[in-house]
J.: 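Please see the structure below; I have some questions.
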Amino acid sequence: MAPVPSLAATVHQRLADALSAALPEAGSSDPLLRRSDRADFQANGMLALAKRLKGNPRELAGRVVEALPDDELIREIEVSGPGFLNITVTDRAILSTLAARAADERLGVPRAERPGTTVIDYSQPNVAKEMHVGHLRSTVIGDALVRLLEFRGETVVRRHHIGDWGTQFGMLIQYLTEHPHELDHTSEAGGAGESGEAAMTRLGRLYRASRTLFDSDEGFKERARARVVQLQAGDEETLAHWHRIVDESMIYFRAVYDRLDVEVKDADVVGESAYNDTLEETCRLLEESGVAVRSEGALCVFFDDVKGQDGNPVPLIVRKADGGFGYAATDLSAIRDRVGRLHADTLLYVVDARQALHFRMVFETARRAGWLTDGETCRHLPFGTVLGKDGKPFKTREGESVRLIDLLDEAVDRASQVVQEKDKDQLLSAAEVAGRAGQVGIGAVKYADLSTSMSRDYVFDLDRMVSLNGDTSVYIQYAHVRIQSIVRRAGDRQPTAHPELSLAPAERALALHLDEFAETVQAVAETYEPHRLAGYLYGLATAFTPFYDQCPVLKAETPELMENRLFLCELTARTLRQGMALLGIRMPERL
Ligand code: ARG
């Protein structure tokens, strides 16, 4: 089905045509159409154009108005101020556009004109360590971006670049070889029913015990160091132990992902270890091409504009003086794989803003080496820090970073209180309360994260997140529930647009907001800014409230009016559902 142009797009086109008819010498120029409070739309393009042509903007605007054809799109247009155009469209145009939109299963969202392949690096926790709020951000934002890009028709390859390699594994593995039963599933059943919590407890125990030994026993320290070498050389026994540790962590990550309601496929978990075999080559190529040079025994890449406080250059270290490969070598090898083998034309990294310099240096190095060309776009999408109510990075009272799973459990607990308060007559079973609390609580956490601009820090405040008022997912979910209840009570009466009807102000406002959905999704997918979609959906739920208060649906005066309002209700519900689905947030049918 051909994409359904929005009303805004149609008006824009109409004005652009009138502009070139009125002023053929100006060539094509943008009428700069915006939504407006004074009328439905305002066009400002005449000002800049008149300035450029040294004409009078009011006079130019008048000529544009005269060049507009008389039809059923525009009800009123007036020249105002220094030369704006205020435009009011007809109710008929609004309703017919929305009817066409409703007939499209994609709600008018066009597919990308030239979809390509995006490799997105997100949700990259570290093996044998707890997942914390930073991993929450990367997971939630990355998941939303994947959904948005796929909806637009882009081929998306997900990469969970987990921290599963490095010197600390020597210590863990050496301890395991000396204490072979350390990771045994003693008290738990094991297998599929194995709890993630128990897995993390075992890993934590292993980590602490091996750390203690490492710090106190020189002999163990030596053996642990030798173990790293064996690991990197691919020694079988060493690898077997390494696999046990990674598998154990995956049990834990899975539990968190399930709780978060985010799908992570095994095939997409391609951690740092996956690039081990190509690190040597990556270094060799960098050195041969002169991109990297030896400095104090290490293999380094230098940048004119990256200097430390002492004014000395700070290099990107690809290989340390002791021969060990750094984080950067892995990222460079990953770029070669993503471009060379996966044929990515866009590479995205949803990673903490504090790694901005690392990525700037890695990307620049890959460009110098020719692994990234003009054909590839590479973007670090940095996100800010999650703060506690005191405005400082979110920590427990003991000063440790907060465990993600605890936060999620608490969010679901709070949500369960909200659900129970709503269920005054206690009609819901415990299982129903739990089901809804999951959707509300997890939705609240995701929405709070997605609704602030990605690069900003935000305060993790559960009270605010699960509030029924304000810019929250619960508010949006609740608006949707109200609509669903109307639609259910409507029985077999069909939602039908009646373009011959005239619209009440609250209906118009709601309808004009609905008109903006497709363009919002398109812009959000192009700019990687999910918070704009969240803002749109909040605006839609907000526009629904006066409609709900002022425009009775099932008790409307005429059957046509009722059908038309039912139509607006249903399109609002579908739009809210589709929009929230793109953010990865579920919509309960009832609350
Ligand atoms: N594992 C890292 C961390 O927890 C994030 C990895 C980011 N991705 C990358 N390709 N470097 O901070």
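The model shown is predicted, which means the values in this text are computed figures rather than measured ones. Whatever order the structure lists ligands and atoms in, that order sets their numbers, starting from 1.
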J.: Do you see a donor-acceptor pair shorter than 3.5 Å between the side chains of Tyr257 and Ser123?
T.: yes
J.: Considering only NZ, NE, NH1 and NH2 on the basic side and carboxylate oxygens on the acidic side, decide whether Glu280 and Arg284 come within less than 4.0 Å.
T.: no
J.: Are any of the N or O atoms of Tyr349 closer than 3.5 Å to those of ligand 1?
T.: no
J.: For ligand 1 and Gln124, I'd like to know whether there is a polar contact (N/O to N/O, distance under 3.5 Å).
T.: yes
J.: Which residue, Arg338, His380, His160, forms the side-chain hydrogen bond (donor to acceptor under 3.5 Å, both in side chains) with Asp121?
T.: Arg338
J.: Could you tell me the residue and atom name of the protein heavy atom closest to atom 12 (O) of ligand 1, and the distance to it rounded to 0.1 Å?
T.: Gln355 NE2, 3.3 Å
J.: Heavy-atom contact under 4.0 Å between Arg159 and ligand 1?
T.: no
J.: Report the part of Ile162 (side chain from C-beta onward, or backbone N, CA, C, O) that has a heavy atom under 4.0 Å from ligand 1; answer both or neither where that applies.
T.: neither
J.: What I want to check is whether the side chains of Asp471 and Tyr447 have a donor and an acceptor closer together than 3.5 Å.
T.: yes
J.: Near Asp331, which atoms of ligand 1 are under 4.0 Å from a heavy atom of that residue?
T.: 9 (C), 10 (N), 11 (N)
J.: Which of the numbered atoms in ligand 1 are below 4.0 angstrom from a heavy atom of Val351?
T.: 7 (C), 8 (N)
J.: Side chains of Thr117 and Asp345: any donor to acceptor distance under 3.5 Å?
T.: no
J.: Taking heavy atoms and a distance under 4.0 Å, where does Asn126 meet ligand 1: side chain, backbone, both or neither?
T.: side chain
J.: If you count the atoms of ligand 1 from 1 in the order shown, which ones are under 4.0 Å from a heavy atom of Phe359?
T.: 9 (C), 11 (N)
J.: Any salt bridge linking Glu364 with Arg360? Criterion: basic side-chain nitrogen under 4.0 Å from a carboxylate oxygen.
T.: no
J.: Counting heavy atoms only, which of Tyr122, Tyr275, Tyr327 is nearest atom 11 (N) of ligand 1?
T.: Tyr327
J.: Could you tell me whether some N/O pair between His135 and ligand 1 is separated by less than 3.5 angstrom?
T.: yes
J.: Assign the ring pair Phe363 / Phe359 to parallel, tilted or perpendicular, where the plane angle (0 to 90°) is split at 30° and 60°.
T.: tilted
J.: With the threshold set at 4.0 Å, does a side-chain nitrogen-carboxylate oxygen contact exist between Arg244 and Asp184?
T.: yes
J.: So which protein heavy atom does atom 8 (N) of ligand 1 come closest to, and at what separation?
T.: Asp121 OD1, 3.2 Å
J.: Ion pair present between Asp409 and Arg259, side-chain N to carboxylate O less than 4.0 angstrom?
T.: yes
J.: Is the shortest N/O to N/O distance between His358 and ligand 1 below 3.5 Å?
T.: no
